[in-house]
Amino acid sequence: MSETKKRYFLPEEEIPRQWYNIQADMPNKPMPPLNPATRQPLKPEDLYPIFAEELCRQELNQTDRFIDIPDEVREMYKYYRSTPLVRATGLEKALGTPAHIYFKNESVSPMGSHKLNSAIPQAYYCKKEGVTNVTTETGAGQWGASLAYAARLFGLEAAVYQVKISYEQKPYRRSIMQTFGAQVTPSPSMSTRAGKDILTKDPNHQGSLGTAISEAIELATTTPGCKYTLGSVLSHVSLHQTVIGLEAEKQMAMAGEYPDMVIACFGGGSNFGGIAFPFMRHKFDGTAPKETRFIAAEPASCPKLTRGIFKYDFGDEAGYTPLLPMFTLGHNFRPANIHAGGLRYHGAGVIVSQLLKDGLMEAVDIQQLESFRAGTLFARSEGIIPAPESCHAIAATVREALRCKETGEEKVILFNLSGHGLIDMTAYDNYLAGNLMNYSLSDDEIASNLASSPIPGE
Ligand SMILES: *Cc1c(COP(=O)(O)O)cnc(C)c1O
């Protein structure tokens with residue numbers, strides 16, 4: 001028997017007391033979000049009608065390297081943190097790779113994914129500022145479930161717009177949100193102007209994160225005491241998620257290793273940023289013992305990082321959000337209906353977009369079948385059924401581990417297991433029955449969608 005220890009936990013006092021704000025360290029800061037009407041850079045105050053004020057300040061903070069985690073938030077983190085860092089010896093063996101594979105297991109949170117790490121502070125700041133209602137959009141339902149729970153923790157009412165196709169296909173996530181007392185509406189709906197406009201043009205619209213965001217923002221800006229919250233893409237969300245990487249940094253040290261590669265799946269960038277940014281900071285401050293590669297794994301059917309372009313674009317379909325400088329497929333891009341619902345978003349967060357532009361990270365695209373093949377292998381070798389989103393990170397890890405097998409290199413790979421797939425068994429059923437397919441997008445489709453976007457490219 002090998003003596004290899006498999007799991008690493010941190011004692012309670014080692015749970016982070018601050019989040020890491022990578023914006024302070026970036027060689028090129030993200031360009032500012034712009035007011036779509038005036039094209040002027042936004043100030044935090046411009047965002048106050050939409051988000052809790054502290055979150056607006058965090059969003060645009062490019063000077064403080066570390067931001068204190070409020071005690072109340074840290075107390076709630078303690079319910080499930082630290083999350084384990086696990087050496088994936090089963091997967092290593094199944095692959096016959098000399099690589100050392102570690103994963104950070106965010107699936108142990110009460111909601112089964114990393115999303116709660118940001119839902120808790122977002123609900124906390126809303127409560128502290130006297131807000132009574134929060135609203136948001138959700139695709140697959142992980143964010144909506146996390147927000148519904150966090151709202152409950154702080155005594156707030158939650159209204160969630162869920163992408164219609166997910167509302168119909170993933171009834172259990174809706175039940176989870178409703179169990180926590182949230183009001184759930186399929187989007188596009190007739191309850192907002194944005195929804196009505198979309199349905200008038202296309203009565204069979206299946207919904208997208210873009211339509212749901214438009215509806216939630218409209219509700220927040222037209223309802224007193226109501227704020228909007230977002231579970232990905234924005235910089236303050238990635239900031240909160242850095243608890244993942246800050247813990248992993250200490251846990252990797254306990255294991256006596258440092259990653260050659262840090263890998264995460266990519267929807268809007270929050271779990272990727274969460275695990276990657278704390279390690280990137282070693283590169284910025286000159287303390288990195290290795291040239292670590294940072295790899296984002298996105299679905300081939302929604303390839304904004306690998307095939308999109310960098311330009312100012314809206315974050316939502318109706319064009320209610322500020323213009324964000326990001327890699328995008330065009331704000332009205334409609335991704336194929338893959339099971340990894342959390343990765344079906346047209347753009348990437350502004351921090352990650354700038355890092356990719358500057359060559360500080362890489363991106364790979366993964367087809368649906370490859371993702372489920374890797375996820376099933378992981379389930380069989382590690383005993384955890386990964387979320388369809390997380391399967392993309394696993395597939396990218398498998399690719400790298402097999403490369404190590406060819407070269408005989410003992411590389412250290414760290415990936416983020418962003419969530420479990422126990423509520424996504426329909427997806428696995430379809431995979432096992434041979435009913436899933438790959439989706440390919442032609443260059444022409446991507447180009448014509450970008451061309452139809454009204455915002456000129458850079
Ligand atoms: C939402 C979600 C993602 C994608 O969002 P990011 O902001 O890119 O992290 C990935 N995995 C799971 C399990 C999710 O719920």
Side-chain angles (χ1 to χ4, degrees), residues 83 103-119 122 136-149 160 162-163 166 170 173 176-177 209 212-213 229-245 262-277 294-299 302-305 315 326-327 335 338-353 355-356 361 363 365-366 371 375 378 384-396 415-424 427:
T83 62
F103 64 93
K104 180 73 168 152
N105 188 359
E106 290 297 310
S107 84
V108 302
S109 93
M111 291 301 111
S113 83
H114 68 289
K115 295 256 174 28
L116 200 54
N117 299 332
S118 185
Q122 291 194 44
T136 194
E137 80 295 332
T138 195
Q142 289 106 324
W143 170 247
S146 293
L147 186 74
Y149 172 61
V160 181
Q162 184 171 20
V163 176
S166 307
K170 310 203 170 188
R173 286 256 166 59
I176 292 172
M177 292 185 266
L209 281 178
I213 294 173
T229 65
L230 192 54
S232 180
V233 184
L234 292 179
S235 303
H236 67 263
V237 183
S238 301
L239 172 76
H240 304 152
Q241 294 296 350
T242 59
V243 288
I244 303 171
V262 177
I263 298 176
C265 67
F266 196 98
S270 77
N271 93 94
F272 172 81
I275 194 157
F277 295 170
F294 299 94
I295 306 170
E298 65 180 3
C302 195
K304 57 257 179 184
L305 298 176
M326 62 183 181
F327 276 91
I338 55 166
H339 280 279
L343 308 185
R344 295 173 78 241
Y345 182 71
H346 68 273
V350 301
I351 294 176
V352 173
S353 292
L355 293 170
L356 183 67
M361 58 173 277
D365 58 343
I366 308 275
S371 74
F378 179 81
I384 301 170
I385 294 181
E389 291 85 2
S390 314
C391 290
H392 291 72
I394 299 171
F415 78 85
N416 193 41
L417 182 72
S418 53
H420 69 65
L422 290 175
I423 316 165
D424 302 288

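We count ligands from 1, going down the list as the structure has it; atoms in each ligand are counted the same way.
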Between ligand 1 and the protein, which N/O pairs fall short of 3.5 Å?
unit_1	atom_1	unit_2	atom_2	d
ligand 1	7 (O)	Ser232	OG	2.5
ligand 1	7 (O)	Ser270	N	2.9
ligand 1	7 (O)	Ser270	OG	2.7
ligand 1	8 (O)	Gly267	N	2.6
ligand 1	8 (O)	Gly268	N	3.0
ligand 1	8 (O)	Gly269	N	2.9
ligand 1	9 (O)	His114	NE2	3.2
ligand 1	9 (O)	Ser270	OG	3.3
ligand 1	9 (O)	Asn271	N	2.8
ligand 1	9 (O)	Asn271	ND2	2.7
ligand 1	11 (N)	Ser418	OG	2.7
ligand 1	15 (O)	Lys115	NZ	2.6
ligand 1	15 (O)	Gln142	NE2	3.3

Would you say that [X] contacts [Y] through its side chain, given a criterion of any heavy-atom pair below 4.5 Å between the two side chains?
X      : Y      : answer
Asn416 : Phe272 : no
Asn271 : Phe266 : no
Gln241 : Ile275 : no
Met326 : His346 : yes

- If only atom types and distance count, is the side chain of Glu298 paired as donor or acceptor with the main-chain N or O of Leu305 below 3.5 Å? yes
- Task: Applying side chain to side chain donor-acceptor pair (under 3.5 Å), run through Ser166 and Gln162 and close with a yes or a no.
- Result: CA-CA 7 Å; Ser166 307; Gln162 184 171 20; 5.0 Å; no
